[in-house]
Participant: 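This structure is in structure tokens; I'll ask about it shortly.
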Amino acid sequence: MELTYSPGLDGVIAAETKLSFLDVVGSQIVIRGYDLIELSQRYSYLDIVHLLLHGNLPTTEQQADLQDKLKENYHVPQELFQIFNLLPNGTHAMDGLRTGISALAGYDQHINDRSTEKNVTRAYRLLGGMPNIVANSYRVLNGQEVVEPDSELSYSANFYYMITGRKPTPLEEEIFDQSLVLYSEHEMPNSTFAARVIASTQSDLYGALTGAVASLKGNLHGGANEAVMYMLLEAKTVEGFEAMLKNKLKNKEKIMGFGHRVYMKKMDPRAQIMKEALYKLCLEQGDDRLYHMCEAGEKVMVEEKGLYPNLDYYAAPVYYMLGLPIELYTPIFFGSRTIGLCAHVIEQHDNNRLFRPRVHYIGERHNLEELSV
Ligand SMILES: CC(=O)SCCNC(=O)CCNC(=O)[C@H](O)C(C)(C)COP(=O)(O)OP(=O)(O)OC[C@H]1O[C@@H](n2cnc3c(N)ncnc32)[C@H](O)[C@@H]1OP(=O)(O)O
Ligand SMILES: O=C([O-])CC(=O)C(=O)O
């Protein structure tokens, strides 16, 4: 077998999947056969959860059943809050989240059972508990009161409420939910690959997701949304942002929120939806500064570098306008991606072969006999 090397595994097919596919030629993000962008305009996050986990968009009855299953799992073991409390000051929210997911494994009495049935039950537990872990790990780490879930609210409204302590307005709920749809699944990004690699040793769903959090934290991946917001805040104005980007480009720095391994020459279609959402939020709040800064930044990057925004670029100012803490942007991304990751791990466990690639060795070789002792 001839072995080839592709740095960063660029262009390498790593798995067969029925879950999703970036159809660059047809300009579609295919999720179980449907276009994610169309889904994001007509369906809610829980519909996408059902689609990814069970293969179909839910009937009204199935949707109600799914909601109930998630609500049953809204509460997480209280010991998790004690664990968060023991973490050192300054621990990043993604590290708090990673610790929380890792700790959940110990509460699963069937941890070695990787059957689809058990994995689906675990997926409900993880999805149901995710808003609680994301919000309260951050709250405890920042000396704030723990917020209890509110089962009267929709999944997304409760997620928003647990983070901010405030129920969202209808527009805020709609846009937050839409952002969760857009972040839910995206074929084979680094974090999904990491999760599938871990799952392929017959390790468990919690371990696979713990690894995926670590992957998503990096700013070449999910951490970019947080990094984008810090840039915008530092730049303050349209002129300041244009100058900042040009300066970074001159210094050969990577600009967070731009470029994508798969869509290098086009705008990420998900970013366009968040750009429209940003516009709506700016209109509602009577403050369009961030919209104009982002548009100006987009123009600079296309003109100077031929690079286009990815989802993180427009999700960041949307989350800012929604009043969400910046350190939670990437944990929220992970919260949404939990369903995609669970579906991938289930698929991996159901049809598994250990991931074990080879290397192109570029080190030296020696003969021990040549050593003079
Ligand atoms: C939802 C998400 O997770 S989307 C990804 C979020 N991450 C970011 O926004 C981080 C910024 N973007 C990047 O670093 C990259 O575009 C990545 C990591 C997303 C993709 O990386 P790769 O596919 O490995 O592309 P690579 O880094 O090789 O870039 C190719 C060329 O474009 C340049 N480039 C790519 N992205 C950027 C960027 N954001 N800013 C400046 N230059 C860039 C590279 O410097 C390189 O140029 P060169 O050929 O002159 O050296
Ligand atoms: O696909 C990728 O490499 C990164 C990304 O946009 C995502 O995970 O949503």
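Ligands are counted one by one from 1 in listed order, and the atoms in each one are counted from 1 as well. Position 1 is the first residue of the sequence; numbering continues from there.
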Participant: Near ligand 2, which protein residues have a heavy atom under 4.0 Å away?
Facilitator: His186, Pro189, His221, His260, Arg270, Phe333, Arg337
Participant: Donor-acceptor pairs under 3.5 angstrom involving side-chain atoms of residues 216-223: please list them, not counting sequence neighbours.
Facilitator:
unit_1: Lys217; atom_1: NZ; unit_2: Asp95; atom_2: OD1; d: 3.3
unit_1: Lys217; atom_1: NZ; unit_2: Asp95; atom_2: OD2; d: 3.0
unit_1: His221; atom_1: NE2; unit_2: Ser191; atom_2: N; d: 3.4
unit_1: His221; atom_1: NE2; unit_2: Ser191; atom_2: OG; d: 2.8

Participant: Who are the side chain to side chain donor-acceptor pair (under 3.5 Å) partners of His360, not counting sequence neighbours?
Facilitator: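 Here no residue qualifies.
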Participant: Any heavy atom of His186 closer to ligand 1 than 4.0 angstrom?
Facilitator: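 Flag not set, His186 not near ligand 1.
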Participant: Going by distance only, is there an N or O of His221 that falls short of 3.5 Å from an N or O of ligand 1?
Facilitator: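 Such a contact does occur with ligand 1.
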Participant: Give every donor-acceptor pair under 3.5 Å between a side-chain atom in residues 247-255 and any protein atom, sequence neighbours left out.
Facilitator:
unit_1: Lys248; atom_1: NZ; unit_2: Glu253; atom_2: OE1; d: 3.3
unit_1: Asn251; atom_1: ND2; unit_2: Asn247; atom_2: O; d: 3.3

Participant: Below 3.5 Å, N or O to N or O, backbone or side chain included: is there any such pair between Leu220 and ligand 1?
Facilitator: yes
Participant: What are the atoms of ligand 1, with element, lying closer than 4.0 Å to any heavy atom of Gly257?
Facilitator: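 The atoms of ligand 1 under 4.0 Å from a heavy atom of Gly257 are 8 (C), 9 (O).
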Participant: Quick one: does Asn219 get within less than 4.0 Å of ligand 1, heavy atoms only?
Facilitator: yes
Participant: Between Ile332 and Phe159, which heavy-atom pair has the shortest distance, and what is it?
Facilitator: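 Residues Ile332 and Phe159, closest heavy atoms: CA-CZ, 4.3 Å.
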Participant: Contact between Tyr313 and ligand 1, counting heavy atoms under 4.0 Å?
Facilitator: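 It does not, in that no heavy atom of Tyr313 comes within the 4.0 Å cut-off of ligand 1.
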Participant: Compute the shortest N/O to N/O distance between Phe333 and ligand 1 and return yes if it is under 3.5 Å, no if not.
Facilitator: no
Participant: Closer than 4.0 angstrom: is that true for some heavy atom of Leu307 and an atom of ligand 1?
Facilitator: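 True for this residue.
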Participant: What about Tyr183: any of its N or O atoms under 3.5 Å from an N or O on ligand 1?
Facilitator: no
Participant: Does atom 48 (P) of ligand 1 have any protein heavy atom closer than 4.0 Å?
Facilitator: no
Participant: Using a 4.0 Å heavy-atom cut-off, which part of Asn310 comes near ligand 1: side chain, backbone, both, or neither?
Facilitator: side chain
Participant: Run the salt-bridge test on Arg125 and Asp108 with the 4.0 Å N-O cut-off and return the result as yes or no.
Facilitator: yes
Participant: Using a heavy-atom cut-off of under 4.0 Å, does the side chain or the backbone of Lys252 touch ligand 1, or both, or neither?
Facilitator: neither
